[in-house]
Amino acid sequence: MNDAAMTGHADVADALVSRFKQTGKIDRSEVGSLNLADAENYRRVRMEIVKPLIDQDRKRDAADILGILIQTHDAKYSDKVTRARLVWEFDKAQARPLFADLVHNNEGDSSGIGVVLNRLLMAEENDLAADLSENFPDWPNDARLTSFALKAFVRADRNELALALLEARGDKSNMEQLSIWLRLLNGREHYDDVLARAPELEDPHADSAAVHIEVGDALLALARRDEAVERFGRALELEPDNIRALSRRGETLLIQNDYRAARVDLARALELAPHLNHLNVWLGRALKGAGEYDRAADLMVAACLNQPESVELRRTAASALNQAGRQEAAMRLYDHLLKSREEALPDDFPSGLEALWDRVDDLHIPKARFDWAWQFRDKDRFPDREEWERRGKWGLLADRLIYDWLECRMDEAGQVLEKVCELDPLEALVRPLVDQGRGVIFASAHIGAMFTGPLALELLGFENRWMASTPGLPSVAFNRQLISTSDQTEAQVARQGMRALAQGATLTIAIDGAMNVAAPRIAFEGQEITYSGFAARLAYKQKAPSVFAVPQWREGVIEYHLAKLPYPREGEALEEFTNRWREAYLDQLRIVISAAPENLRLAGGIWRHIVPQEKG
């Protein structure tokens with residue numbers, strides 16, 4: 001271009017800028033007529049027209065002029081970003097493809113990509129931000145970009161991509177990134193990977209409460225509770241009012257039977273977060289363990305009112321009220337629960353059982369329980385994991401249906417009994433033992449169709465008592481046979497059990513049951529399971545015979561797995577006997593968990609504390 005032409009363009013630019021400054025008006029066609037390939041013209045329009053338009057909040061006009069500027073060959077990437085950001089303010093649909101183009105054609109400009117992602121994240125356009133972040137392998141390795149992309153993946157629930165990003169570009173020294181990394185691994189139950197990446201407890205650079213909480217959660221999942229308490233304590237040193245750390249440590253201390261310390265943490269957590277209903281429950285448990293029954297009942301009722309649809313909370317609240325001596329209130333609450341459960345029952349029991357198959361896919365059971373049980377199955381009989389799991393879920397739903405049916409429709413218990421096989425073998429084993437006059441202990445577990453066991457003994461005419469967490473209220477259909485473990489102390493439960501045996505009755509005890517979260521556990525097949533030595537001690541002290549008994553489904557009917565358990569030998573010490581009894585019980589337990597999957601039950605008792613196995 002010759003000097004005259006350049007002078008002419010400069011004159012046009014001068015006139016355009018001057019008119020804009022005087023009138024505030026701008027003609028797009030005049031801007032388009034300029035030689036914007038000329039750096040000086042580009043600069044003047046950008047700084048003397050576009051910038052004032054932005055300052056005057058004239059976003060649409062500014063975006064229009066920038067749209068003309070960026071058509072030039074040497075347009076700045078930062079101006080493309082600015083234009084897209086301005087368009088976003090008044091037309092998000094138009095801005096989305098602009099953002100996408102900027103990320104795909106990023107020109108290595110990490111700052112521009114960061115502006116785009118930050119803008120999208122601020123606007124909670126998480127899916128679009130995550131879509132664009134999938135291009136991270138082509139981006140500059142920039143810590144700020146990694147942070148934005150990580151947030152986008154996490155918010156959009158694209159955890160696999162978040163983990164891939166962290167594996168590729170994660171910085172363990174970045175505590176924000178590390179906390180997300182550990183949380184994602186915990187969510188996948190990769191607890192050993194969490195511990196492999198965890199900083200030392202006293203590492204001065206590990207100044208993130210969130211990091212220590214995630215490590216504590218992994219330790220807790222692996223039943224390493226003392227170490228978990230230390231991690232939660234470190235988190236609280238960094239953030240004294242961290243609700244997660246307070247609640248986690250309080251819950252863990254409660255499991256360890258330290259009611260006083262648990263109460264302090266849980267009370268503070270509830271004070272800080274009264275909207276978290278589970279804190280009412282855990283603090284109530286701590287108060288109950290400390291003997292403060294009235295306050296415990298108030299908290300359980302509050303939890304129930306916050307979640308009135310929860311059957312478990314209503315049962316727990318009724319038990320707490322009953323233990324606090326407020327039986328009338330307990331009965332009102334529980335009777336209402338019985339009525340609502342009865343209304344939800346099917347018209348008849350057989351069709352109800354069949355309908356359970358339509359619900360199995362909606363039932364969540366922790367994967368670790370299936371993984372653990374899978375190793376015991378008969379590999380020839382059960383090669384298909386998916387079908388095996390479905391049958392396992394059906395078994396749990398069936399046992400819950402049996403329990404609801406017996407509690408809410410005891411007058412129609414005959415429909416359940418139609419599914420029970422011939423009881424002659426049960427009677428042949430039990431009758432001679434009962435005739436000895438010392439009573440009989442039936443040692444069961446949370447396995448099989450467990451609630452049909454006491455029913456069968458009643459049907460045979462045996463005087464039977466059974467321990468269960470159902471509250472001991474007059475309106476409970478089987479209240480006469482019930483020894484409630486949820487509204488009495490352990491001493492009260494023990495006395496009632498001894499009295500039943502002294503009267504020659506049969507006594508059914510789920511050995512893996514738990515009166516509280518601090519119930520004792522033992523090692524069993526690579527896991528910890530709840531185990532009460534009460535039945536073994538009772539058999540020893542009262543010289544009562546004992547039988548391992550588990551009702552099991554077999555080809556559509558319920559049969560009984562029965563095996564006599566050890567009887568005290570002459571001169572045998574208590575510890576020697578209880579050890580021998582425990583091993584015999586566990587031997588039978590191994591047999592029944594290797595049976596058909598519908599007999600696993602997969603909830604409560606032995607299943608409560610099953611955790612994923614550590615690698616290696």
Side-chain angles (χ1 to χ4, degrees), residues 59 63 66-67 70-71 73 75-194 196-198 208 210-211 214 217-218 364 367 612 615:
K59 298 182 178 67
L66 275 173
I70 64 176
Q71 299 303 313
H73 177 70
K76 295 181 179 179
Y77 184 80
S78 59
D79 286 339
K80 297 177 183 179
V81 172
T82 300
R83 177 175 179 259
R85 178 175 60 80
L86 290 169
V87 173
W88 177 264
E89 297 297 324
F90 58 83
D91 191 340
K92 290 180 171 56
Q94 182 185 348
R96 288 188 181 97
L98 298 179
F99 280 147
D101 181 67
L102 287 168
V103 172
H104 287 299
N105 302 292
N106 57 74
E107 299 181 16
D109 188 327
S110 59
S111 175
I113 302 172
V115 169
V116 172
L117 293 182
N118 189 38
R119 178 65 54 174
L120 292 172
L121 290 169
M122 289 175 61
E124 298 185 1
E125 291 279 336
N126 300 320
D127 283 322
L128 178 56
D131 289 343
L132 301 183
S133 296
E134 291 187 19
N135 297 287
F136 78 83
D138 301 325
W139 296 351
N141 194 343
D142 180 275
R144 187 164 176 266
L145 281 189
T146 299
S147 178
F148 283 141
L150 186 58
K151 288 178 181 178
F153 288 145
V154 170
R155 291 182 186 180
D157 199 26
R158 301 186 193 180
N159 294 338
E160 294 296 327
L161 286 168
L163 280 168
L165 172 62
L166 286 165
E167 293 292 345
R169 299 187 177 182
D171 179 2
K172 285 179 62 175
S173 67
N174 182 316
M175 290 296 109
E176 181 182 15
Q177 285 188 23
L178 182 59
S179 68
I180 295 173
W181 204 339
L182 301 185
R183 176 160 56 85
L184 292 171
L185 291 170
N186 270 333
R188 299 176 72 182
E189 299 182 349
H190 290 187
Y191 305 121
D192 50 337
D193 290 340
V194 171
R197 289 170 173 78
S208 165
V211 165
E214 294 300 336
D217 281 350
H364 172 72
K367 180 177 178 294
K615 294 179 181 177

Exercise. Hey, could you give me each pair passing salt bridge (Lys or Arg N to Asp or Glu O under 4.0 Å) that has a residue in residues 157-169? Not counting sequence neighbours.
Key: Asp127-Arg158, Asp131-Arg158, Glu134-Arg158, Glu160-Arg188, Glu167-Arg197

Please report, to 0.1 Å, the donor-acceptor pairs under 3.5 Å made by any side chain of residues 141-151, with sequence neighbours excluded.
unit_1: Asp142; atom_1: OD1; unit_2: Arg144; atom_2: N; d: 2.9
unit_1: Asp142; atom_1: OD1; unit_2: Leu145; atom_2: N; d: 3.0
unit_1: Thr146; atom_1: OG1; unit_2: Asp142; atom_2: O; d: 3.1

Exercise. State which residues pass side-chain hydrogen bond (donor to acceptor under 3.5 Å, both in side chains) with Glu125; sequence neighbours excluded, sorted by chain then number.
Key: Arg96

Quiz item: Any salt bridge (Lys or Arg N to Asp or Glu O under 4.0 Å) pairs touching residues 83-95, not counting sequence neighbours?
Solution: Glu89-Arg119

Quiz item: Of all heavy-atom pairs between Ser133 and Ala129, which one has the smallest distance, and what is that distance?
Solution: OG-O, 2.7 Å

Quiz prompt | Heavy-atom pair of closest approach, residues Pro612 and Tyr191 | solution = CG-CE1, 3.3 Å

Quiz item: What pair of heavy atoms forms the shortest contact from Ala156 to Ala130, and how long is it?
Solution: CB-CB, 3.7 Å

Quiz item: Under 3.5 Å, is there a donor-acceptor pair between the side chain of Gln177 and the main chain of Gly170?
Solution: no

Quiz prompt | Distance, nearest 0.5 Å, that separates CG of Asn126 from CG of Leu117 | solution = 11.0 Å

Exercise. For Lys172, check salt bridge (Lys or Arg N to Asp or Glu O under 4.0 Å) against everything at least two apart and list the hits.
Key: none

Quiz item: Are the side chains of Val194 and Asp217 in touch, meaning some heavy atoms are under 4.5 Å apart?
Solution: no

Exercise. Looking only at non-hydrogen atoms, find the nearest pair between Phe136 and Ala168 and report the distance.
Key: CE1-CB, 4.2 Å

Self-check item: From CG (Leu121) to CG (Leu128), nearest 0.5 Å
Solution: 9.5 Å

Quiz item: Are any of the side-chain heavy atoms of Leu163 and Leu185 separated by less than 4.5 Å?
Solution: yes

Quiz item: Which residues satisfy the side-chain hydrogen bond (donor to acceptor under 3.5 Å, both in side chains) test with Asn186, sequence neighbours excluded?
Solution: Glu214

Self-check item: Leu98 side, atom CG; Ile70 side, atom CD1 - distance, nearest 0.5 Å
Solution: 7.5 Å

